[in-house]
Protein chains: 2
Amino acid sequence: MRLIVARCEVRYSGRLDALLPESLRLIVVKADGSVLVHADAGGYKPLNWMTPPTVIEERPGRMVVRKRAGASEDRLEIEIYEVLCDVTYDMGSPDDHAALAKDGVEAHLQELLAERPECCGEGFRLVRREWPTDIGPVDLMCRDAEEQWVAVEIKRVGGIEAVEQLARYLERIRRDPALRSCRGVLAAQTVKPQARVLAQARRIAWVEVDLAVLRDEREPELKLFAA
Amino acid sequence: MRLIVARCEVRYSGRLDALLPESLRLIVVKADGSVLVHADAGGYKPLNWMTPPTVIEERPGRMVVRKRAGASEDRLEIEIYEVLCDVTYDMGSPDDHAALAKDGVEAHLQELLAERPECCGEGFRLVRREWPTDIGPVDLMCRDAEEQWVAVEIKRVGGIEAVEQLARYLERIRRDPALRSCRGVLAAQTVKPQARVLAQARRIAWVEVDLAVLRDEREPELKLFAA
DNA sequence: ACTTAGATTTCGCCG
DNA sequence: CGGCGAAGTCTAAGT
């Protein structure tokens, strides 16, 4: 990894054109060819960057990073006016088994709800996870207390797209005469207002589920809103 | 800006829990409180991070970054086992940081099309930009050569979501008796194959517009596909 | 190679 | 401050 602190000007051209005027910034060149240009504020996101694979061409006072992007080319031109620091560190093999382990993402939520489908609706029993349709799998397929079919879409944050997605699935599912009356439920940690409105219009129910409740196996306290 | 190259282990807890095992990494602490942990590969995105505002608490061999996130708290715990580099640079006052100037984003496309609505369809005249509906504004509302209403959704890349979005708007718009017969046009620099198919099914027209053509005011050469 | 869907999405705008 | 939509989204997974 190479770290350069320098006064520089950056031009990007590719999917759009961008000009970053001269100022003091951090340039990171990673072992895999990644190049990042960071300011001393505005966390997370680089001002400019190029993801690998890249070809880096360097001359004194100038660095050009290229990338093949289909017919055209992405290009990052860094004009360097003053260098305050330029150091390189060998950080070891990249195939380290030091990968990031996450817990609490949507997949996890799906696992927990598969174990406790009744949290998605009164009397729900799981028929199968990842129920296939011709445009992709529905997260959960259940039957309710009246033996009616219910398709459940699970999201961490339930927005309009989630309602649309479930609506598309239902359209396909209901083509099967046996599933003609299949209902839909959107289950999410939070369901946004606009999504609630749209769900209402699409006759899709929604329910907010609490990850902590699912984990602790506390009383669910169903907050279900029918379509 | 502070740059630390160190062998470290990182734990994040907040919206989810994540564990990053011990390895050699770059830690960036920005002047505004941003903290980034980068590996020597996998461009752009930090393995772990915290965006400002943050409170940083430091002891030898340990750094804890906290953030108020509503009721709960986001927390980044960095255990440092070996330090290879720890330098700090004064990168100047924040107002010194020249901003990034972009050109070619959707807003730009919308401006250009608002000036030349005929590029979205034969004889189109602009009635207003950002026409409000109860679920959000439509980019352009026009009338065509036959005085019929047309809602135009503008995207850089037109995918399925763009068609769905426009369909949602049309559903709302047409509730007004005066706009019952309002048509829809998706205008994008590129319209994806799947989106074309869906547009056909939804009776929405689409057109690919060329940014260069709009800029140069060359003859548009309308490539419009009716619904 | 292309498409789809998730993300600690981040970010900016507007209410 | 919260909601909503764009992003050079990025990224991983499936086909």
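Just so you know, these numbers use all the heavy atoms, side chains as well, and skip hydrogens, waters and symmetry mates. Every chain is numbered from 1, with letters handed out A, B, ... down the list of sequences.
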- [ ] Please lay out, stage by stage, how A:L26 and B:L3 fare under the test side chain to side chain contact (heavy atoms under 4.5 Å, CB included).
- [x] CA-CA 9 Å; A:L26 166 68; B:L3 305 175; 3.7 Å; yes
Open item on the list: By the 4.0 Å heavy-atom rule, please label B:K192 as base, sugar-phosphate, or nothing.
Closed with: nothing
Open item on the list: Going by the rule side-chain contact (heavy atoms from CB on, under 4.5 Å), which residues pair with B:R11 if we only count those two or more places apart in sequence or in a different chain?
Closed with: B:E9, B:L19, B:E77
Task: Under the side-chain contact (heavy atoms from CB on, under 4.5 Å) test, residues paired with B:R175 that sit two or more places apart - done: B:E171, B:R172
TODO: Can you figure out which of D:dG8, C:dT8, D:dA6 approaches the side chain of B:W49 most closely?
DONE: C:dT8
Open item on the list: If the test is side-chain contact (heavy atoms from CB on, under 4.5 Å), which one of B:V163, B:D139, B:V207 qualifies with B:L186?
Closed with: B:V163
Task: Protein-nucleotide distance (A:D32, atom CG; D:dT11, atom P), rounded to Å - done: 10 Å
Open item on the list: If I pick the C1' atom on D:dA6 and the same atom on C:dA7, what distance separates them, to the nearest angstrom?
Closed with: 15 Å
Task: Residue whose nearest DNA chain C nucleotide is more 5′ - A:I135 or B:N48 - done: A:I135
Open item on the list: How many whole angstroms separate atom NZ of B:K67 from atom C1' of C:dT10?
Closed with: 10 Å
- [ ] Please map the stems of DNA chain D, keeping only stretches of three or more Watson-Crick or G-U wobble pairs with both distances under 3.5 angstrom.
- [x] C:1-7 with D:9-15, C:9-15 with D:1-7
Task: Nearest to side-chain heavy atoms of B:K45, which nucleotide of C:dT8, D:dG8, C:dA5 - done: C:dT8
TODO: Scan B:G159 against the nucleic acid and name what it touches under 4.0 Å (heavy atoms): base, sugar-phosphate only, or nothing.
DONE: nothing
- [ ] Measure the distance between the ring centre of B:Y12 and the centre of the six-membered base ring of C:dT8, then answer whether it is under 5.5 Å with planes under 30°.
- [x] yes
TODO: Name the closest nucleotide to the B:V105 side chain, picking from D:dG3, D:dG8, C:dG6.
DONE: D:dG8
- [ ] Determine the Euclidean distance between corresponding P atoms of C:dT8 and C:dT4; express it in Å to zero decimal places.
- [x] 22 Å
TODO: Look at B:Q194 and C:dT4 and indicate whether a side-chain polar atom (N or O) is within less than 4.0 Å of OP1 or OP2.
DONE: yes
Task: Any residue meeting side-chain contact (heavy atoms from CB on, under 4.5 Å) with A:L170, in chain and number order, not counting sequence neighbours - done: A:A151, A:L166, A:R174, A:C182, A:I204
TODO: Classify the nucleic acid contact of A:V157 as base, sugar-phosphate or nothing, counting any heavy atom under 4.0 Å across all strands shown.
DONE: nothing
- [ ] Nearest whole angstrom, please: distance from the C1' of C:dA5 to the CD of A:E164.
- [x] 15 Å
Open item on the list: Go nucleotide by nucleotide along DNA chain C from the 5' end; which of B:L47 and A:R168 gets its closest nucleotide reached first?
Closed with: A:R168
- [ ] Start with the C-alpha distance between A:M91 and B:V5, add both sets of side-chain angles, then the distance that settles side chain to side chain contact (heavy atoms under 4.5 Å, CB included), and finish with yes or no.
- [x] CA-CA 9 Å; A:M91 318 234 344; B:V5 177; 4.1 Å; yes
TODO: Could you pull out all residues at least two apart from B:A188 that satisfy side-chain contact (heavy atoms from CB on, under 4.5 Å)?
DONE: B:K155, B:V191
Task: Euclidean distance, atom CD of residue A:E130 to atom P of C:dA5 [Å, nearest integer] - done: 12 Å
Open item on the list: Classify A:M50 by what it touches in the nucleic acid, base, sugar-phosphate, or nothing, heavy-atom distance under 4.0 Å.
Closed with: base
TODO: Would you indicate what B:E153 reaches in the nucleic acid, counting non-hydrogen atoms under 4.0 angstrom: base, sugar-phosphate, or nothing?
DONE: sugar-phosphate
- [ ] Find the distance B:W131:CH2 to D:dG5:P and express it as a whole number of Å.
- [x] 19 Å
Task: Interatomic distance, A:E106 CD vs D:dA12 C1' [rounded to whole Å] - done: 14 Å
- [ ] Determine if A:Y44 stacks with C:dT10; use a centre-to-centre distance below 5.5 Å and an interplanar angle below 30° as the criteria.
- [x] no
Open item on the list: Under 4.0 Å from OP1 or OP2 of C:dT10: is there any side-chain N or O of B:R15 that close?
Closed with: yes
Going by atom type alone, with no hydrogens or angles, which donor-acceptor pairs under 3.5 Å involve a side-chain atom of residues 48-59 of chain A and a protein atom two or more places apart or on another chain?
from  : atom 1 : to    : atom 2 : distance (Å)
A:T51 : OG1    : A:K67 : NZ     : 2.8
A:T54 : OG1    : A:G33 : O      : 2.6
A:E57 : OE1    : A:R66 : NE     : 3.4
A:E57 : OE1    : A:R66 : NH2    : 3.2
A:E58 : OE1    : A:R2  : NH1    : 2.9
A:E58 : OE2    : A:R2  : NH1    : 3.4
A:E58 : OE2    : A:R2  : NH2    : 3.0

- [ ] Measure from NZ on B:K102 to C1' on C:dT10 and round the result to the nearest Å.
- [x] 11 Å
- [ ] Using atom CZ of B:R129 as one end and atom P of C:dC14 as the other, report the distance to the nearest whole Å.
- [x] 11 Å
